[in-house]
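Since we're looking at a predicted model, the values are computed, not measured. Order of the sequence lines fixes the chain letters, A, B, ..., with proteins taken first and strands second; residue numbering starts at 1 for each chain.
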2 protein chains.
Amino acid sequence: MKSNQAENNLPEPTKAELEILQVLWEFGPSTVRFVNDKLNELREVNYTSTLKQMQILAEKGILKRDESQMKHIYIPVEAEEKTKDQLLNRFVNTLYKGSASKLMMQLLGNEKTSKKEIEEIKRLLDSME
Amino acid sequence: MKSNQAENNLPEPTKAELEILQVLWEFGPSTVRFVNDKLNELREVNYTSTLKQMQILAEKGILKRDESQMKHIYIPVEAEEKTKDQLLNRFVNTLYKGSASKLMMQLLGNEKTSKKEIEEIKRLLDSME
DNA sequence: TGTATCGTACGAAATTTGTCGTACCTTTAA
DNA sequence: TTAAAGGTACGACAAATTTCGTACGATACA
């Protein structure tokens, strides 16, 4: 049985794990209680479920934690940018054989991408050089 | 227990399902045997595993099949573009709160995105209006 | 016509992912 | 000094996904 981590060393965050990461990215290092409360604004989750997920994330090395207090504080090991980069790479590789411009075309042809967004992108590119 | 298909009506293709779709997109309508051979160029999979997956895909309505011959021919129901669009939307929504331009920035800042790709993208945008 | 080959059907095991119950420790405050 | 509140640890269960074994029908051809 082969691993499917062809080009990445980091284990891939699962969907539930991503949810947690997003809270930490948005609000910074947090306790399980805080994260769980945030998640429960969207859907019902048991406190211990969130706890378990965060412990798993810590085991995997995706989060680290400060145990100096009883209320452990969890912190993403990698910066938001870096993790998203990896996910994006994986996505481009999987669906577009690694071609960023192909993805772009898809994005631009996508009706859900607004004119405003497209303008924004153009401005971005012009200001790059 | 809630479904997680917030904004999509189509069931989300899983990882193994995507592999199969990619073969069909690349080579057109195919038999299980053909798809399985292709998959085995990458990793070891049992014929009946692939068969089962493709049957499940057919059940879900992602593939349809021509049963007029003994060797059933499987065909994606939706065009490649459309399916990828949905996946892309989901991806942008999940990671970039729906902002295509944020995704772009990430893509452009990504070292794996070559200068050539960036040029390609610019040309694309210029020719758009 | 029988046997080897190649196909589908399908239940069930294996794996991965997600959820939760329960035990138990620490802090707080009456 | 004890009861309540709130924390972590962790095994077990549940659900979703993936893989496979076995049964059995079609076809080919010696």
Side-chain angles (χ1 to χ4, degrees), chain A residues 1-5 8 10-23 29-40 42-75 87 90 94, chain B residues 1-6 8 10-23 29-75 87 90 94:
Chain A
M1 213 121 316
K2 267 187 197 169
S3 155
N4 60 8
Q5 299 172 213
N8 266 300
L10 277 198
E12 131 181 50
T14 66
K15 215 180 299 183
E17 288 172 355
L18 252 187
E19 275 188 328
I20 290 170
L21 276 175
Q22 311 222 18
V23 173
S30 311
T31 63
V32 174
R33 175 63 61 196
F34 180 84
V35 172
N36 185 246
D37 286 348
K38 284 298 167 190
L39 293 186
N40 274 278
L42 304 173
R43 65 192 182 89
E44 198 175 329
V45 211
N46 192 299
Y47 173 87
T48 56
S49 301
T50 303
L51 171 62
K52 181 72 166 198
Q53 286 293 346
M54 292 177 75
Q55 286 171 340
I56 290 173
L57 278 163
E59 267 176 35
K60 288 193 188 176
I62 294 176
L63 299 182
K64 65 188 173 204
R65 64 180 177 185
D66 174 356
E67 307 182 4
S68 64
Q69 310 297 328
M70 183 173 90
K71 303 184 183 184
H72 297 176
I73 304 290
Y74 287 77
I75 306 152
L87 293 172
R90 208 174 294 151
T94 302
Chain B
M1 212 120 314
K2 267 189 198 169
S3 154
N4 60 9
Q5 299 170 214
N8 265 302
L10 277 197
E12 130 179 51
T14 66
K15 215 181 299 182
E17 288 173 353
L18 250 189
E19 276 188 329
I20 290 170
L21 276 175
Q22 312 223 21
V23 173
S30 311
T31 63
V32 174
R33 175 64 59 195
F34 180 84
V35 172
N36 185 245
D37 285 348
K38 284 297 167 192
L39 294 186
N40 273 280
E41 288 173 10
L42 302 173
R43 64 190 182 91
E44 198 177 328
V45 211
N46 192 299
Y47 173 87
T48 56
S49 300
T50 304
L51 171 63
K52 181 71 166 198
Q53 286 295 346
M54 293 176 74
Q55 287 170 340
I56 291 173
L57 278 163
E59 266 176 36
K60 286 195 190 175
I62 293 177
L63 299 184
K64 65 189 171 202
R65 65 180 176 184
D66 174 355
E67 306 182 7
S68 65
Q69 309 296 327
M70 182 172 91
K71 301 185 184 185
H72 297 175
I73 304 289
Y74 288 77
I75 306 152
L87 293 172
R90 209 174 293 149
T94 303

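For V45(B) and E67(A), each mapped to the nucleotide of DNA chain D holding its nearest heavy atom, the one lying further toward the 5' end belongs to E67(A).
Rounded to whole angstrom, the span from the CD atom of E17(B) across to the P atom of dT17(D) amounts to 8 Å. Distance, Q69(A) CD to dT8(D) C1': 15 Å, rounded to whole Å. Whole-Å rounding puts the N36(B) CG to dT18(D) P distance at 16 Å. Atom pair H72(A):NE2 and dT26(C):C1' shows a separation of 11 Å (rounding to whole Å applied). The interatomic distance linking K60(A) (NZ) with dT16(C) (C1') rounds to 9 Å, in whole Å. Note: CG (L39(A)) to P (dC20(C)) measures 12 Å, nearest angstrom. Between the CD atom of E44(A) and the C1' atom of dC20(C) there is a distance of 12 Å, rounded to whole Å. Look at CD on E19(A): it is 15 Å from P on dT17(C), rounded to the nearest Å.
Looking at the side chain of M70(B), the nearest of the listed nucleotides dA26(D), dG7(D), dG18(C) is dA26(D). Nearest to the side-chain atoms of T14(B) among the listed nucleotides dT8(C), dG6(D), dT17(D) stands dT17(D).
Of all nucleotides present, none satisfies the Watson-Crick or G-U wobble test against dT5(C) with each distance under 3.5 Å. Under the Watson-Crick or G-U wobble criterion, with both distances below 3.5 Å, dT18(D) is paired with dA13(C).
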Q: Any chance you could lay out the side-chain contact (heavy atoms from CB on, under 4.5 Å) test for T94(B) and Q22(A), step after step, and finish with the verdict?
A: CA-CA 9 Å; T94(B) 303; Q22(A) 311 222 18; 3.7 Å; yes

(Q) Determine whether L21(B) and E19(B) satisfy the following criterion, side-chain contact (heavy atoms from CB on, under 4.5 Å), listing intermediate values before the conclusion. (A) CA-CA 6 Å; L21(B) 276 175; E19(B) 276 188 329; over 6 Å; no

Q. Would R90(B) and E12(B) count as a side-chain contact (heavy atoms from CB on, under 4.5 Å) if you check the C-alpha gap in whole Å, the side-chain angles of each, and the deciding distance to 0.1 Å?
A. CA-CA 10 Å; R90(B) 209 174 293 149; E12(B) 130 179 51; 3.2 Å; yes

**Q.** Worked check of side-chain contact (heavy atoms from CB on, under 4.5 Å) between E59(B) and L57(B)
**A.** CA-CA 5 Å; E59(B) 266 176 36; L57(B) 278 163; over 6 Å; no

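A distance of 8.0 Å separates OG1 in T14(B) from CD1 in I62(B), rounded to the nearest 0.5 Å.
Taking 4.0 angstrom as the limit, R65(B) places none of its side-chain polar atoms (N or O) nearer than this to OP1 or OP2 of dG7(C). For R43(B), a side-chain nitrogen or oxygen approaches OP1 or OP2 of dT19(D) to under 4.0 Å. Regarding contacts with the backbone of dA5(D), every side-chain N or O of R33(A) stays at 4.0 angstrom or more from both OP1 and OP2.
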With a 3.5 Å cut-off and sequence neighbours excluded, list the donor-acceptor pairs that the side chains of residues 47-54 of chain A form with protein atoms.
from: T48(A); atom 1: OG1; to: N46(A); atom 2: OD1; distance (Å): 3.0
from: T50(A); atom 1: OG1; to: N36(A); atom 2: ND2; distance (Å): 2.6

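Contacts between residues 46-59 of chain A and DNA chain C, defined by a heavy-atom separation below 4.0 Å, involve N46(A), T48(A), S49(A), K52(A), Q53(A), listed by number.
Glycosidic conformation, dA26(D): syn, with the torsion inside 90° of 0.
Heavy-atom neighbours of E67(A) CD from other residues, nucleotides or ligands within 6.0 Å: above the threshold of 12.
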